[in-house]
Protein chains: 2
Amino acid sequence: MKKMGGATPNALLGLLSIHPMSGYDVRQLIPRSIGNFWNESYGQIYPALKQMSVAGMVSKKTERQKGRPDRHVYSLTEDGRAQLREWLEVPVEHEVRRNELLLKVFFGGQAGPGAIRRHVEASLEKNLAELKLYTAMEKQLRKEEAHDPQLPYWLMTLNAGRHLSSATVRWCRETLAELDRLDAAVLVKGTAVKKVAGKTKRRKS
Amino acid sequence: MKKMGGATPNALLGLLSIHPMSGYDVRQLIPRSIGNFWNESYGQIYPALKQMSVAGMVSKKTERQKGRPDRHVYSLTEDGRAQLREWLEVPVEHEVRRNELLLKVFFGGQAGPGAIRRHVEASLEKNLAELKLYTAMEKQLRKEEAHDPQLPYWLMTLNAGRHLSSATVRWCRETLAELDRLDAAVLVKGTAVKKVAGKTKRRKS
DNA sequence: GGGTGCATGTAATGGGTTACATGATTCT
DNA sequence: AGAATCATGTAACCCATTACATGCACCC
């Protein structure tokens, strides 16, 4: 059995472990499953499935269709399942996840007035929206997949999303307050002060 | 002035905005500045500095040294500063940050007993350690850089790290509790339980 | 003598997205 | 008529890490 170091093929094995699928199906499934913390594009999926097929991790069955191209449905082999289990044992190593928002905040002193505030506000909105989405997804999952033995694990990842998003929301609010304080300090010291953006847009919700 | 789309050159401009530096210096500075949410390797830094020099974003001065190779010290030009300011205005777009821990948790149903728990415990430890580090860093920053006008922004990113890490800690604890509950449920169901490693196979919706 | 730090850089390799190419079907 | 969906795949490109290559100084 060959080594499968990369996370991508293992992620695919994981998805195929739910049920047999085509490459197209995999791509469609992602946003409704691991989409909040993982992504794969067609450019990764199709070649990876082919390689894994050669390596004996998956077996392929071709379903012919009228008009449309054939569906190549892949399912896990025993080797594939073993490989997945093995990979799941390997400790995850820490990688620095890049966060462009924080990068810009770090250099905020160089930015024009209001730029950082706008970014933080956008992040706040985004994370509030995500929070709503998570609770909706949870309800749906609990209903539709009530009997799936994997449900608890799916809920754990949803819960992670909730914790992360709500922490980000809290940070955004604190940061906006801090930005207010900074602006105020500048005003006090201030030379010629006119109408620097002091308004925080309050909108729909 | 050329377009600089990628975040890497702009991150370098940002670091050079603190004070002029060599490529080597940049690399050394990263872990003590943006290291918690950004990284650049020599393989990126040196070519990028060269390109930016050609593009007129930075100017290079060579300091000769005894024995050691020359230091190439780069500083921002006006164009570079403008480019940085411009980039700081551009809204950050959402990218799905990959999280291998969550990926493994999602497929936890396929894992051997204890594997997921070990990963979550490791994450808990890691984040607790990071929390300690953040408070230490904050103290140090407040002392050493007390007069730097950029300090507030640096503290904001530190604060983000704190929020993120402590959210992760909370999630880890909740998740460990949930894993306990799952294990207990399995024990209850498994009337004739002997070898835990037994069979959870045979599942198909 | 050997490891570490200073200091530069390039090349190989891997990972990943986007754009391209094809083509029928179904919906608006 | 035109767009979206189904369905496959490849090629070009971008981005990033790692390994390699060099070489002196300093410390143990």
Side-chain angles (χ1 to χ4, degrees), chain A residues 2-12 20-32 34-35 37-54 58 60-74 87 93-100 103, chain B residues 2-12 20-32 34-35 37-54 58 60-74 87 93-100 103:
Chain A
K2 281 201 179 174
K3 58 176 176 183
M4 290 254 157
T8 293
N10 288 296
L12 295 181
M21 260 181 283
S22 71
Y24 188 83
D25 294 337
V26 167
R27 184 73 248 271
Q28 302 302 304
L29 179 58
I30 287 176
R32 281 168 299 135
I34 58 177
F37 48 86
W38 203 264
N39 199 23
E40 300 290 352
S41 60
Y42 287 125
Q44 292 271 106
I45 293 170
Y46 284 121
L49 286 174
K50 193 186 268 184
Q51 282 171 237
M52 286 156 62
S53 179
V54 171
V58 296
K60 172 164 137 182
K61 264 174 207 155
T62 302
E63 291 178 4
R64 225 148 278 155
Q65 297 185 123
K66 30 149 200 175
R68 298 213 174 78
D70 297 351
R71 278 172 57 82
H72 299 304
V73 178
Y74 295 89
W87 172 73
E93 64 210 275
H94 176 60
E95 59 186 306
V96 178
R97 57 212 181 230
R98 291 184 153 199
N99 187 327
E100 198 173 316
L103 189 60
Chain B
K2 284 203 178 175
K3 57 177 176 183
M4 290 253 157
T8 293
N10 288 296
L12 295 181
M21 260 181 285
S22 70
Y24 188 84
D25 294 337
V26 168
R27 184 73 249 270
Q28 302 303 302
L29 179 58
I30 286 177
R32 279 168 301 133
I34 58 177
F37 47 87
W38 204 263
N39 198 24
E40 300 290 351
S41 59
Y42 287 126
Q44 292 271 106
I45 294 170
Y46 284 121
L49 286 174
K50 194 186 268 184
Q51 281 172 236
M52 287 157 63
S53 180
V54 171
V58 295
K60 172 164 136 181
K61 263 174 208 157
T62 302
E63 290 178 5
R64 225 148 279 154
Q65 299 185 122
K66 32 149 198 179
R68 298 213 175 80
D70 297 352
R71 277 171 58 84
H72 299 302
V73 178
Y74 295 90
W87 172 74
E93 64 210 277
H94 175 61
E95 58 185 306
V96 178
R97 61 226 176 219
R98 293 186 152 197
N99 187 328
E100 198 174 315
L103 188 62

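Chain letters run A, B, ... following the sequence lines, proteins first and then strands; every chain starts at 1. These numbers come from a predicted model, not from an experiment.
- Contact between the side-chain N/O atoms of A:S22 and the OP1/OP2 oxygens of D:dT8 is found at a separation under 4.0 Å.
- With rounding to whole Å, A:I45 atom CD1 is found 15 Å from D:dC6 atom P.
- Annotation: of the two residues near DNA chain C, A:Q44 and A:P69, the 5′-most nearest-nucleotide partner is A:Q44.
- The distance between atom CZ of B:R64 and atom P of C:dT8, rounded to the nearest whole Å, is 14 Å.
- For A:H72 and D:dG9, the NE2 to C1' distance is 9 Å, given to the nearest whole Å.
- In this entry the distance linking CG of B:D70 with P of D:dC24 reads 14 Å, nearest Å.
- A distance of 6.0 Å separates CG of A:L103 from CZ of B:F37, quoted to the nearest 0.5 Å.
- Using a 4.0 Å cut-off, some side-chain N or O of A:T8 falls inside it from OP1 or OP2 of C:dG16.
- A donor-acceptor pair is defined here as one N or O able to donate and one able to accept, closer than 3.5 Å; such a pair exists between the side chain of B:R98 and the backbone of A:N39.
- When each of D:dG9, D:dT5, C:dC6 is scored by its nearest atom to the side-chain atoms of A:R68, the top-ranked nucleotide is D:dT5.
- Atom OH in A:Y42 sits roughly 13 Å away from atom P in C:dT18 (whole-Å rounding).
- For the pair A:N10 CG and C:dG15 C1', the interatomic distance rounds to 15 Å; values are reported in whole Å.
- At a threshold of 4.5 Å between non-hydrogen side-chain atoms, the residues A:V26 and A:E40 do not count as touching.
- Between B:Y24 and the phosphate of C:dT8, there is no side-chain N or O to OP1/OP2 separation shorter than 4.0 Å.
- Between the CE atom of B:M21 and the C1' atom of C:dT8 there is a distance of 17 Å, given to the nearest Å.
- Contact check, B:Q65 against C:dA7: a side-chain N or O comes under 4.0 Å of OP1 or OP2.
- Proximity note for B:K50 (side chain, C-beta onward) versus C:dG15, C:dT10, D:dG23: the nearest is C:dT10.
- Atom C1' of nucleotide D:dT17 and atom CD of B:E40 are separated by 11 Å, given to the nearest angstrom.
- DNA chain D is contacted by both A:Q28 and B:W38; A:Q28 maps to the nucleotide lying nearer its 5′ end (nearest heavy atom per residue).
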**OP:** Kindly indicate, with the supporting measurements, whether the criterion side chain to side chain contact (heavy atoms under 4.5 Å, CB included) is fulfilled by A:K60 and A:L49.
**Re:** CA-CA 9 Å; A:K60 172 164 137 182; A:L49 286 174; over 6 Å; no

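- For the residue pair B:Q44 and B:P47, the shortest heavy atom distance occurs at O-CD, 3.5 Å.
- The residue among B:R98 and B:P47 whose nearest nucleotide of DNA chain C is located toward the 5' end is B:P47.
- Proximity note for B:S41 (side chain, C-beta onward) versus C:dC6, C:dT10, D:dT18: the nearest is D:dT18.
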